[in-house]
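Heads up, the thing below is written out as structure tokens.
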Amino acid sequence: RSAARSGGCVFPNPVTNGQVVLYFKEGRKGKHTLDLLDISGASKQQSFVNLNGQPQRVSLRTGVLAQGIYLLRISDSEKNEVETIKVLIQ
């Protein structure tokens with residue numbers, strides 16, 4: 001499990017089942033962008049989530065991605081980077 005400054009965590013990490021779940025604790029609100037980047041910074045997957053201030057979880061499918069290290073970048077609606085979390089896909 002990887003802790004996130006955004007008040008949540010990523011599980012499982014390393015990813016072995018083709019899916020990673022990002023848990024947000026209460027407090028975050030608004031539209032956020034989730035970018036899964038390869039280690040060179042190229043975007044491999046992008047998702048959007050609208051957080052309502054309550055605990056939420058968001059699932060991201062990773063089965064089509066090659067094994068390796070990725071960065072999950074979380075940005076708010078103004079494109080301000082809120083957090084970047086390292087994710088290992090096995």
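Note that the coordinates shown come from a computational prediction; the quantities given were computed from them, not determined experimentally.
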I need the [X] [atom1] to [Y] [atom2] distance, nearest 0.5 Å.
X	Y	atom1	atom2	value
Gln54	Arg28	CD	CZ	14.5 Å
Thr62	Gln19	OG1	CD	7.5 Å
Gln45	Leu72	CD	CG	9.0 Å
Arg57	Tyr23	CZ	OH	5.0 Å
Leu60	Ser47	CG	OG	5.0 Å
His32	Phe48	NE2	CZ	12.5 Å

Is the shortest heavy-atom distance from the side chain of Val58 to the side chain of Leu34 under 4.5 Å? yes
Closest heavy-atom contact between [X] and [Y]?
X	Y	value
Thr33	Gln46	CG2-NE2, 3.6 Å
Val21	Ser59	CG2-OG, 3.8 Å
Pro12	Val20	O-CG2, 3.8 Å
Asn50	Lys31	OD1-N, 3.5 Å
Pro55	Glu26	CD-CB, 3.8 Å

Contacts of type side chain to side chain donor-acceptor pair (under 3.5 Å), residue Ser40, not counting sequence neighbours: Asp38
Transitive ILVMFWY cluster of Leu88 at side-chain heavy atoms under 4.5 Å: who else is in it? Ile39, Ile69
Single hit among Leu71, Asp35, Leu37 for side chain to side chain contact (heavy atoms under 4.5 Å, CB included) with Thr84: Leu71
Can Leu22 and Ile74 be said to form a side-chain contact (heavy atoms from CB on, under 4.5 Å), step by step? CA-CA 10 Å; Leu22 178 58; Ile74 305 166; 3.8 Å; yes
Holding to side-chain contact (heavy atoms from CB on, under 4.5 Å), I want the full list of residues that pass it with Thr16, two or more places apart in sequence or in another chain. Gln90
Quick one: does NZ or CZ of Lys44 land under 6.0 Å from the six-membered ring centre of Tyr70, within 45 degrees of the ring axis? no
